[in-house]
Amino acid sequence: CRRSDLRVCDSTGPARRKWQKAGPTCSNPTHLDARKGDIEPASYATFSPPQRKSSRTIQEAFKFPGSDPEGELKAMPSNKRMALSSLPSSELDNKVVLVRADLNVHLMAGDDRILNDQRIKNLMPTINHLMERNAKIVVIGHVDRRTYEGRTPASLAPVAGKISELLAEPVTFAADTVGETAREVVAELAPGSVAVLENVRLAGDDEGGDEELAAALASMADIFVMDDFVDAHLNLASTVGIANRVKTSVMGLLCEKEVKFLDEALNDPQRPFAAIVGGAKLSTKADLISRLIDSADSIFIGGAIANTFMVSRGLRVAQSLYEPDMLQVCKRLELKARNKGVKLLLPDDFIYSEGYDNNVLTGYVKYTDCYPTGLLPMSMMALDIADHSLETLVSTYKSARTVFWNGPVGAAELEKFSWGSKCVAMLVSTLGKNNRTTIVGGKDTIDVVEKAGVQDDISHCSTGGASFMDIVEKKILPGLTCLNPAGDMRVAPLPDDAPLFDVDAELEPVEAGERDMGANDVFN
């Protein structure tokens with residue numbers, strides 16, 4: 001192989017596959033370019049070994065203090081961008097500041113009354129910050145009217161009225177987005193005042209990156225502020241298009257808060273760091289769990305995702321929802337957790353029902369009854385966690401200094417099976433009251449927290465959906481990377497002889513069925 005200490009798999013078959021050192025030379029052609037990723041994953045290894053966290057194996061971003069005469073350092077995409085809070089007041093005074101905000105509130109069918117104004121309230125800190133610095137504030141965004149046929153763009157007039165109500169100040173609303181009316185409103189705007197332009201999606205193809213729309217909006221602005229974290233994962237004309245055409249483009253206070261909390265929690269958390277991951281499909285959460293294994297000390301798996309893990313261990317879940325094509329992924333995640341020393345916890349007991357409904361009979365089943373020899377009703381469907389699982393959660397997580405929660409641990413959309421998720425919300429809020437860092441993200445999870453009435457006791461409730469998931473999974477968000485960088489973010493090139501994998505890791509995959517495992521006995 002190209003490096004004598006690169007670990008490769010032998011060819012004795014998947015049942016006996018282990019990691020071993022390759023000699024100075026190797027005749028197997030699949031090993032020659034393995035470190036470049038040029039081969040099929042299935043021909044290389046069944047389980048992916050953990051990457052070594054050192055300067056030899058990962059590219060680390062840092063601020064380059066001087067010049068780079070050799071041209072060896074390259075700019076690296078990063079979600080860390082310049083923030084509004086870092087701009088001096090002199091740069092904002094009497095300037096037209098275009099604020100892209102998340103205004104997609106829920107509207108009442110028929111009369112377009114606002115049913116929930118939380119998204120508008122989230123914008124208030126940024127607007128107040130700009131008003132105090134005598135800026136001319138122009139707010140843009142979109143709102144959709146939800147119908148049975150789908151979503152159609154609606155007017156932002158009710159949103160402008162709500163902003164005026166929250167500010168207790170007059171707010172000007174322009175009936176178009178980039179036309180003569182909008183330009184007149186912006187031209188006549190007084191310092192320290194606010195205007196709202198009509199829905200950007202009524203003026204052009206915002207989602208398709210309409211260049212004419214982006215250019216027209218950018219021409220009215222001196223400074224662009226991106227405060228729509230919900231849409232930061234998209235390449236929109238009203239975000240990326242404007243930022244590429246305006247000299248100064250920065251994160252708003254809401255986006256800054258989101259990036260700060262998520263970056264600190266995942267990259268430099270106070271320990272112990274505990275995570276709770278629920279939801280229906282492992283296929284949408286596998287990357288998230290893998291990312292959390294890199295930084296968390298323990299992870300509790302709930303919801304229908306837990307069913308897939310149980311089946312991968314050789315248990316049965318009767319009629320419960322699970323994903324047959326994700327069983328190998330479960331084994332890989334458990335193997336990675338074992339090698340990282342991370343506790344991967346599953347529920348100890350369940351509330352089950354014979355149907356997905358509030359009006360059906362329910363029962364209680366222990367984890368041990370899920371073995372093939374157990375007394376598991378074959379018509380059952382696990383829909384919530386029960387008492388013993390919650391006791392395990394409380395006893396394990398009560399000492400945590402940082403807690404991350406994404407996804408209900410049961411069918412919380414049904415009132416009869418929302419008890420477990422509400423109890424988790426109470427646990428997280430109690431930790432928050434005791435000065436622990438608690439982060440909750442995901443629409444369904446936020447809904448549970450709001451129904452429990454404990455959102456004020458949680459350190460940070462993320463407003464983003466897909467953006468929240470992407471930033472946790474260390475993906476690049478186009479709506480943020482288009483902004484001015486926080487500094488000269490540079491990265492050193494990776495040496496040619498740097499190993500791809502941690503050469504000190506000893507990986508010995510455990511075959512399914514070799515031993516019985518209890519609910520929380522994960523390769524201990």
Measure the shortest side-chain to side-chain distance between [X] and [Y] over non-hydrogen atoms and say whether it is less than 4.5 angstrom.
{"X": "R436", "Y": "Y397", "answer": "no"}
{"X": "K343", "Y": "T396", "answer": "no"}
{"X": "E256", "Y": "S85", "answer": "yes"}
{"X": "N104", "Y": "V230", "answer": "no"}
{"X": "Y364", "Y": "D387", "answer": "no"}
{"X": "I351", "Y": "W419", "answer": "no"}
{"X": "L254", "Y": "D102", "answer": "no"}
{"X": "K336", "Y": "S290", "answer": "yes"}

>> Counting only heavy atoms not in H388 (residues, nucleotides, ligands), do more than 12 fall under 6.0 Å from its NE2?
In response: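 Atom NE2 in H388 is not packed in, count stays at 12 or less.
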> Take atom CZ in R271; do more than 12 heavy atoms of anything else shown fall under 6.0 Å from it?
Replying inline: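 More than 12 within 6.0 Å, yes.
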Backbone of [Y] reached by a side-chain donor or acceptor of [X] within 3.5 Å:
{"X": "D263", "Y": "V259", "result": "no"}
{"X": "T126", "Y": "L253", "result": "yes"}
{"X": "S459", "Y": "T438", "result": "yes"}
{"X": "E323", "Y": "L282", "result": "yes"}
{"X": "S462", "Y": "V440", "result": "no"}
{"X": "E198", "Y": "S155", "result": "no"}
{"X": "S421", "Y": "S418", "result": "no"}
{"X": "N199", "Y": "A154", "result": "yes"}

Which atoms form the tightest heavy-atom contact between [X] and [Y], and what is the distance?
{"X": "V329", "Y": "A286", "result": "CG1-CB, 4.0 Å"}
{"X": "E258", "Y": "G464", "result": "OE2-N, 4.0 Å"}
{"X": "L98", "Y": "I242", "result": "CD2-CD1, 3.7 Å"}
{"X": "A101", "Y": "V139", "result": "CB-CG1, 4.2 Å"}
{"X": "V240", "Y": "P478", "result": "CG2-O, 3.5 Å"}
{"X": "I476", "Y": "T481", "result": "CG2-CG2, 3.0 Å"}

Using a distance-only test with no angle check, is there a side-chain donor-acceptor pair under 3.5 angstrom linking [X] and [Y]?
{"X": "S379", "Y": "Q319", "result": "no"}
{"X": "S389", "Y": "D349", "result": "yes"}
{"X": "T463", "Y": "N122", "result": "no"}
{"X": "R100", "Y": "S238", "result": "yes"}

Separation of [Y] [atom2] from [X] [atom1] (nearest 0.5 Å):
{"X": "Y322", "Y": "N307", "atom1": "OH", "atom2": "CG", "result": "10.0 Å"}
{"X": "L390", "Y": "F300", "atom1": "CG", "atom2": "CZ", "result": "7.5 Å"}
{"X": "L480", "Y": "M226", "atom1": "CG", "atom2": "CE", "result": "6.0 Å"}
{"X": "K398", "Y": "L431", "atom1": "NZ", "atom2": "CG", "result": "11.0 Å"}

> Going through the checks in order, is the side-chain contact (heavy atoms from CB on, under 4.5 Å) test met by M251 and L84?
Replying inline: CA-CA 6 Å; M251 290 192 298; L84 176 62; over 6 Å; no
> Run the side-chain contact (heavy atoms from CB on, under 4.5 Å) check on L335 and R338 step by step: do they pass?
Replying inline: CA-CA 5 Å; L335 180 63; R338 166 209 160 185; 3.7 Å; yes
> V342 pairs by side-chain contact (heavy atoms from CB on, under 4.5 Å) with which of I293, L292, L333, D297?
Replying inline: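 Among the candidates, only I293 passes.
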> Is there a side-chain contact (heavy atoms from CB on, under 4.5 Å) between M469 and R291 once you walk through the steps?
Replying inline: CA-CA 10 Å; M469 295 292 289; R291 173 71 181 93; over 6 Å; no
>> Assess the residue pair K475 and D287 against the criterion (side-chain contact (heavy atoms from CB on, under 4.5 Å)); give the C-alpha distance rounded to whole Å, side-chain angles, the decisive distance to 0.1 Å, and a yes or no.
In response: CA-CA 10 Å; K475 296 178 181 178; D287 289 342; 4.2 Å; yes
> Are K331 and E334 close enough for a salt bridge, meaning some N to O gap below 4.0 Å?
Replying inline: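 Between E334 and K331 there is no salt bridge, as every charged N stays at least 4.0 Å from the carboxylate O atoms.
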> Would D447 and K451 satisfy salt bridge (charged side-chain N to carboxylate O under 4.0 Å, His left out), going step by step from the backbone distance to the final call?
Replying inline: CA-CA 6 Å; D447 288 345; K451 287 179 181 178; over 6 Å; no
